[in-house]
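Working notes for the structure below.
We name chains A, B, ... by the order of the sequence lines, and we start the count at 1 in each one.
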There are 2 protein chains.
Amino acid sequence: MPARPAAPPDPHDDAEFLRGYDPDIYPRPSVTVDVVLLTIRDGALEALVIKRANPPYKGRWALPGGFIALDESLDEAARRKLDEEAGVRGIFLEQLYTFGEPRRDPRTRVISVAYYALASADRVRTAVPTAEAADARFLQIPGELDGTHFAFDHKKILEVALERIRGKLEYAPIAFQLLPATFTLTELQQVYQVVLGHALDKRNFRVRMLESGQIEDAKEVRRGSHRPAKLYRFKGR
Amino acid sequence: MPARPAAPPDPHDDAEFLRGYDPDIYPRPSVTVDVVLLTIRDGALEALVIKRANPPYKGRWALPGGFIALDESLDEAARRKLDEEAGVRGIFLEQLYTFGEPRRDPRTRVISVAYYALASADRVRTAVPTAEAADARFLQIPGELDGTHFAFDHKKILEVALERIRGKLEYAPIAFQLLPATFTLTELQQVYQVVLGHALDKRNFRVRMLESGQIEDAKEVRRGSHRPAKLYRFKGR
DNA sequence: TCAAAAGTGTTGGAATTACACCCATGA
DNA sequence: TCATGGGTGTAATTCCAACACTTTTGA
């Protein structure tokens, strides 16, 4: 759901207006983006969190994110933060929800436009250490949500992200974003199971996927100490 | 998806931090809310739009909305704008999407948190005239979308709202928000048809609704110059 | 030969679609 | 009595859920 550029305004109208315009007639809040970066590792859904090196909430876990620049779009800000704080580029990213309770940040009024991003584990190696981050790690979701001390309302953001991705999994082709370019049907099924939080029937799952027309045979196999598995590829991207 | 209040921060940590905090170290954009107020009148889906009395985009049609105050939540700001600019209170309201392209407002960087609101026609009489509004009217959606000159990216916001409500109609009980407290099954069916943009089978629709458990018999009838129709009521709200 | 994961069909029930006529009322 | 919208059932099809064993490989 990306925003399109605005239609050009009537030129005479705006030139006239802009001469006298003072942006300070309305109070301005700070605006941040926060990104829920989700991946699957070791059969579990994980989200990147960063330990805050500075107050407020020093020592607590926070989502990667930060203040937007005035010349970048919200999507660009989210991608920049993903790059700077997680070292990840070019992955699936979508706006989640905007959190704007007046006291959600003790410093001042901060409105956070939250995003969620999906990446396969092989694209997300180790988090990049920055001046702001005392530490960074992947939290198991939803398993470690309750035992962790979060900064701001970031627990809530993670919960909303989980809810969104669970709902969306059923009708949108997003599971593939959590896998490398080629994958086995068992791996795809594991993505569904881990996100949804319950087991699925193998035979029904395979028929459903193959008949959905979303994937195609990659004409390769993956070998292990067992029967080789056919590899598939998502038809999009 | 309402935002919950943030968890309380560590007090010592924040007291220390706040003494030296300068909110101006990061540039701050302006933030507005814009509300897509949808209703159904004369068998058509309509959205309230307001003709701008001042630049920028003077004379073009815009959604009700405006700058947020620093001590109100985003939801509160949207409700305030609905009250001030449409004279409507207490209706269904949900966050839609946040639009933040750098040049979407020619004055300065403005980020708009868009909402959509649903109301029955009897709750939305005439729009309230304000200093900012040269005129206000209900636009037929999607019919009049293309022939109308909009301010900012408000056409895009309307399109996203329509897309959202269409998708949501199929799994969430929102159709009732567009009807008065009691309604006939034919009226309910019309809501679905108008939003989805295509006809539905009457017999299938009725069975589906009655078996869904979402509505109950209001033990009344509506009379006209034809056979009286049973009235129903939404079980929630 | 064994362990490990891959791969494969059928059946019963539920849900969905298509489809057309009679009913009750007010004018 | 007629115009208007209200109200009703059935059959065919498709979709979904439950269920267990054989195959292929590497160690």
Side-chain angles (χ1 to χ4, degrees), chain A residues 40-44 121 166-167 169-173 175-176 179-180 182-234, chain B residues 40-44 121 166-167 169-173 175-176 179-180 182-234:
Chain A
I40 288 182
R41 272 201 323 192
D42 307 325
R166 277 185 176 159
L169 192 66
E170 321 228 332
Y171 65 91
F176 311 104
L179 289 171
T182 60
F183 49 84
T184 67
L185 285 178
T186 299
E187 288 164 351
L188 183 58
Q189 185 177 347
Q190 279 165 357
V191 170
Y192 275 78
Q193 294 184 152
V194 159
V195 172
L196 296 177
H198 59 83
L200 298 171
D201 180 90
K202 181 158 65 155
R203 281 165 293 188
N204 293 340
F205 179 82
R206 290 160 103 92
V207 170
R208 192 154 58 81
M209 281 301 145
L210 292 171
E211 286 180 352
S212 76
Q214 292 180 100
I215 60 178
E216 63 188 9
D217 196 331
K219 308 278 189 197
E220 285 176 88
V221 293
R222 168 155 309 154
R223 295 178 170 279
S225 66
H226 51 76
R227 177 171 176 175
K230 268 188 163 175
L231 286 171
Y232 292 86
R233 168 187 308 125
F234 175 45
Chain B
I40 289 183
R41 273 199 324 193
D42 307 325
R166 278 184 175 160
L169 192 66
E170 321 228 331
Y171 66 91
F176 311 105
L179 289 171
T182 60
F183 48 85
T184 68
L185 285 179
T186 299
E187 288 164 351
L188 183 58
Q189 185 177 348
Q190 279 164 356
V191 170
Y192 275 79
Q193 294 183 153
V194 160
V195 173
L196 296 177
H198 58 84
L200 297 172
D201 181 89
K202 180 158 67 157
R203 281 165 293 189
N204 295 339
F205 180 82
R206 287 169 175 247
V207 170
R208 192 153 59 81
M209 280 300 146
L210 292 171
E211 287 179 351
S212 76
Q214 291 180 99
I215 60 178
E216 63 188 10
D217 196 331
K219 309 277 189 198
E220 286 176 87
V221 292
R222 167 155 312 153
R223 295 179 170 280
S225 67
H226 49 76
R227 177 171 175 177
K230 266 188 165 174
L231 288 171
Y232 293 85
R233 170 188 304 127
F234 175 45

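Atom CZ in A:Phe205 sits about 15 Å away from atom C1' in D:dC16, given to the nearest Å. Rounded to whole angstrom, the span from the CD atom of A:Gln189 across to the P atom of C:dA5 amounts to 14 Å. Summarising the geometry, the separation between CG on A:Leu185 and C1' on C:dT8 is reported as 12 Å, rounded to the nearest angstrom. Between A:Leu200 atom CG and D:dA18 atom P the separation is 11 Å, expressed in whole Å. Distance, B:Asn204 CG to D:dA11 C1': 12 Å, rounded to whole Å. Summarising the geometry, the separation between CG on A:Leu210 and P on C:dT8 is reported as 8 Å, rounded to the nearest angstrom. Whole-Å rounding puts the B:Leu188 CG to D:dG7 P distance at 13 Å. Counting to the nearest Å, the P atom of D:dA17 and the CZ atom of A:Arg208 are 8 Å from each other.
The B:Ala229 side chain lies nearest to D:dG7 when the options are C:dG7, D:dT8, D:dG7. Distances from the side chain of B:Pro228 to the nucleotides C:dG26, C:dA24, C:dA20 place C:dA24 closest. Residue B:Lys202 has its side chain nearest to C:dA20 when only C:dA6, C:dA27, C:dA20 are considered.
Within the 4.0 angstrom heavy-atom criterion, only backbone atoms of the sugar-phosphate kind lie near A:Lys230; the bases stay farther away.
Relative orientation of the B:Tyr192 and B:Phe205 rings is perpendicular, given thresholds of 30° and 60° on the angle between their planes.
Considering only side-chain N and O atoms, A:Arg223 lies nowhere under 4.0 angstrom from the phosphate OP1 or OP2 of D:dT25. Dashed line: the shortest gap from a side-chain N or O of B:Thr186 to OP1 or OP2 of D:dG6 is under 4.0 Å. Put simply, A:Arg203 has no side-chain N or O that comes within less than 4.0 Å of OP1 or OP2 on C:dG7. Using a 4.0 Å cut-off, no side-chain N or O of B:Arg227 falls inside it from OP1 or OP2 of D:dT4.
DNA chain D is contacted by both B:His226 and A:Asp201; B:His226 maps to the nucleotide lying nearer its 5′ end (nearest heavy atom per residue).
What you find for A:Ile40 and A:Ala121 is that their closest heavy atoms are O-CB, 3.3 Å.
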